[in-house]
2 protein chains.
Amino acid sequence: MTPTRLMLRLYFGELMLGPGKADLLAGIAEEGSISAAGRRMGMSYKRAWMLVEAMNAGFAEPLVESARGGAKGGGAALTEVGQTVLAAYRALEAKLREAGADELATIGALVRCDMSDGK
Amino acid sequence: MTPTRLMLRLYFGELMLGPGKADLLAGIAEEGSISAAGRRMGMSYKRAWMLVEAMNAGFAEPLVESARGGAKGGGAALTEVGQTVLAAYRALEAKLREAGADELATIGALVRCDMSDGK
DNA sequence: CACTGTTATGTCCGACGAAACATATCGAGC
DNA sequence: GCTCGATATGTTTCGTCGGACATAACAGTG
């Protein structure tokens, strides 16, 4: 049974890094565009851009590099640092699941299995 | 340098378990009272109680056992399950820091060190 | 130079969550 | 049976966050 949908969120003072930002980074890396990445995950462009802004401001160097204008209107891509942070986050997720498998199983087994969600 | 104040938050569907609830559980275990635990961490009783209610509802069995009335007005304590969950959460935190030390250091080193917080 | 798609940014408003305030209940002890 | 301290629960207010909408800037292409 895998009822334990686990999400990892890191707080560094003001900056916080969680599944949302991580997925957004991944989406930008794949799509090459902030708006496309946001669209794909049902997020308004403004929200996506605000997340990017928060990340770029929160880290010493920008994670996302963007350009506007041009043939395709512009685009965005991960910087070296951005790729590093994303990879580290994914690795951290994996290690957490691996190293904490016992504890996660312990807690997960005690969670009420509410498959019958009323709404 | 340890600028990386890390917090771990787990999501199990509706239920979420993070530093706030974990600290509250620990406080209840120490103080023997929901209100005292909440007071100690600058939290209104209502909020503390709502967190307890959410946990008791979210897990298959209650984590906190409470009694009202009596000489001291009542009190609360962790159940067996509550102690287990708290211990597992603390262990998970420790394992995350241990197993993910490399990644945490990688990300932490890239975070803007904003000691000069404007407010 | 108009067109195009994306980045970049502002304003406005509703919804949601949290805090503040207000009670009600309970039960051992005096 | 009155008091006390803590649990238990409701109501109301308020601040904040996010979504909807609007607009400007940009640069390559035809």
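Each chain gets a letter, A, B and so on, in the order its sequence line appears, and its residues count up from 1.
Here D/dA8 presents its C1' atom at 16 Å from CD of B/Glu65, a figure rounded to the nearest Å. Atom pair B/Ile28:CD1 and D/dT7:P shows a separation of 8 Å (rounding to whole Å applied). In this structure, B/Arg47 atom CZ and D/dT7 atom P are separated by 17 Å, rounded to whole Å. One can place CG of B/Leu51 at 15 Å from C1' of D/dA8, the figure rounded to the nearest angstrom. The distance from atom CE of A/Met50 to atom P of C/dG10 is 12 Å, rounded to the nearest whole Å. Put simply, NZ on A/Lys46 is 10 Å from P on C/dT9, counting in whole angstrom units. Atoms OH (A/Tyr45) and C1' (C/dT9) sit 9 Å apart, rounded to a whole Å. What separates CD of A/Glu31 from P of C/dG5 is a distance of 16 Å, to the nearest Å.
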Quick one: which protein N/O atoms are closer than 3.5 Å to N/O atoms of nucleotides 23-30 of chain C? Pair and distance per line, please.
from, atom 1, to, atom 2, distance (Å)
C/dC26, O2, B/Gly69, N, 2.9
C/dG27, O4', B/Gly70, N, 3.2
C/dG27, N2, B/Gly70, O, 3.1
C/dG27, N3, B/Gly70, N, 3.2
C/dA28, O4', B/Ala71, N, 3.2

Residue pair A/Leu96, B/Leu8: steps toward the side-chain contact (heavy atoms from CB on, under 4.5 Å) verdict: CA-CA 10 Å; A/Leu96 175 62; B/Leu8 172 65; 4.1 Å; yes
Stepwise salt bridge (Lys or Arg N to Asp or Glu O under 4.0 Å) test for A/Lys95 and A/Glu98: CA-CA 5 Å; A/Lys95 287 213 180 158; A/Glu98 180 188 357; over 6 Å; no
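Salt bridge B/Glu30/B/Arg40: present, at least one basic N to carboxylate O contact under 4.0 Å. In this structure, B/Asp102 does not pair ionically with B/Arg97, as no charged nitrogen and carboxylate oxygen lie closer than 4.0 Å.
Side-chain atoms of A/Ser66 lie closest to C/dA8 of the nucleotides C/dA8, D/dC21, D/dA8. Comparing D/dG19, D/dA6, C/dT9 by their nearest atom to the side chain of A/Ser44 picks out D/dG19.
Remark: the A/Lys72 side chain and the D/dT29 base include no donor-acceptor N/O pair separated by less than 3.5 Å.
B/Ala67 comes within contact range of the sugar-phosphate backbone alone, with a heavy-atom separation under 4.0 Å but no base atom that close.
Going from atom OG of B/Ser33 over to atom CD1 of B/Ile28 covers 8.0 Å, rounded to the nearest 0.5 Å.
Side-chain polar atoms of A/Tyr11 and B/Arg9 form a donor-acceptor pair below 3.5 angstrom.
Counting heavy-atom neighbours within 6.0 Å of B/Glu65 CD, excluding the residue itself, gives a total of 12 or less.
Contact between the side-chain N/O atoms of B/Trp49 and the OP1/OP2 oxygens of D/dT7 is not found at any separation under 4.0 Å.
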